[in-house]
Protein chains: 2
Amino acid sequence: MSNYRNNNTQQYAGMFKALSNPNRLQIFLQLTQCCTPGTVCNNKDIEVRYVGDLGADLNVAASTLSHHIKELNRAGLIQIRRSGQNVECWIEPEVLQKLSAFFQAGQEQ
Amino acid sequence: MSNYRNNNTQQYAGMFKALSNPNRLQIFLQLTQCCTPGTVCNNKDIEVRYVGDLGADLNVAASTLSHHIKELNRAGLIQIRRSGQNVECWIEPEVLQKLSAFFQAGQEQ
DNA sequence: TCTGTAATTCGACATATATCGAAGTATAGA
DNA sequence: TCTATACTTCGATATATGTCGAATTACAGA
């Protein structure tokens, strides 16, 4: 047993732990939605959202939201960057590719 | 926001929670390995293992192993069936497809 | 029926986590 | 410099989780 997945068990377990909380999963899913309803999608754009917006329909305290953002970032799932008063969040496409491939690896043989 | 992923947030969060424990993730990964080292793979076979074997290199008590198997099953990630003294475990291929697609959905647009 | 192996259930316990509110920091704008 | 907004940090707390060992159940074989 020694393929790339088994060598990174801790890392993946950390990602899944971050996604195991329904509120965090919602935040993550919002960041995977590439365009706001009614607009045209553009392949090349990476969707960026502000922390505050991500928590808008989540019904948690600001401090809790901040905590969740930090956890997602720590797990390597999202990137964050301050922009004035706001903090921008986004997902690097490689993260989604990596996770998708993780579950495909078992199917291909 | 209303695609198939967002409508099943709880279900997916449950799966990720099950995979968030390193020992459970190891068990899951073992079940995705379709053939034992040195043998020839066969597409058509679903890999089945006994509970005891899955815990062989895990260093947890039998009761803990049993608990983890139950959690994985409860999350819908693995199937179990008693076979004599042993209990067989396996992953339905659709589960892997579903999880892989979950992370692909954000990339395709 | 007895024995041994495989697995589960149960109760206990230490640790981790989700959440909150209060207080603090960072930034923009008047 | 003052104020408002966005976000973070901190401490507290209730709840969930991972783990164990002991006891129990399921089954196979002598």
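Letters A, B, ... mirror the listed sequences (proteins, then strands); counts begin at 1. As the structure is a prediction and not an experimental result, all values here were calculated from the model.
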If an axis is fit to five pairs at each end of the helix from C:dT1-D:dA30 to C:dA30-D:dT1, what is the angle between the two, to the nearest 10°?
30°
Nearest-Å distance for atom pair [atom1]/[atom2], residues [X] and [N]:
X     : N      : atom1 : atom2 : answer
B:H67 : C:dG11 : NE2   : P     : 15 Å
B:E88 : D:dA26 : CD    : P     : 18 Å
A:N21 : C:dA16 : CG    : P     : 18 Å
B:E71 : D:dT17 : CD    : C1'   : 9 Å
B:L25 : D:dT17 : CG    : P     : 17 Å
B:R49 : C:dA7  : CZ    : C1'   : 18 Å
B:L65 : C:dT8  : CG    : P     : 8 Å
A:Y50 : D:dC7  : OH    : P     : 9 Å

Is the phosphate of [N], meaning OP1 or OP2, less than 4.0 Å from a side-chain N or O of [X]?
X     : N      : value
B:S63 : D:dC20 : no
B:N86 : D:dA26 : no
B:N23 : D:dT19 : yes
B:R82 : D:dT25 : no
A:R24 : C:dT17 : no
B:K17 : D:dA16 : no
B:S66 : C:dT8  : yes
A:K70 : D:dT9  : yes

Reported [atom1]-to-[atom2] distance for the pair [X] and [Y], which is rounded to 0.5 angstrom:
X     : Y     : atom1 : atom2 : value
A:I78 : A:E92 : CD1   : CD    : 11.0 Å
B:Q26 : B:N21 : CD    : CG    : 10.5 Å
B:R74 : B:M15 : CZ    : CE    : 14.5 Å
A:L77 : A:F16 : CG    : CZ    : 9.0 Å

Among the candidates D:dC20, D:dT8, D:dA4, find the nucleotide nearest to the side-chain atoms of B:T64.
D:dC20
So which nucleotide from C:dT27, D:dC20, C:dT5 ends up closest to the side chain of B:Q85?
C:dT5
Using a heavy-atom cut-off of under 4.0 Å over every strand shown, decide if B:H68 touches base, sugar-phosphate, or nothing.
sugar-phosphate
Side chain of A:S100, backbone of B:F103: donor and acceptor closer than 3.5 Å?
no
Side-chain donor or acceptor of A:T32 paired with backbone N/O of A:L29 under 3.5 Å:
yes
Give a yes-or-no answer on whether the side chains of A:W90 and A:E88 include a donor-acceptor pair shorter than 3.5 Å.
no
B:K98 to B:Y12 six-membered ring, cation-pi geometry met (6.0 Å, 45°):
yes
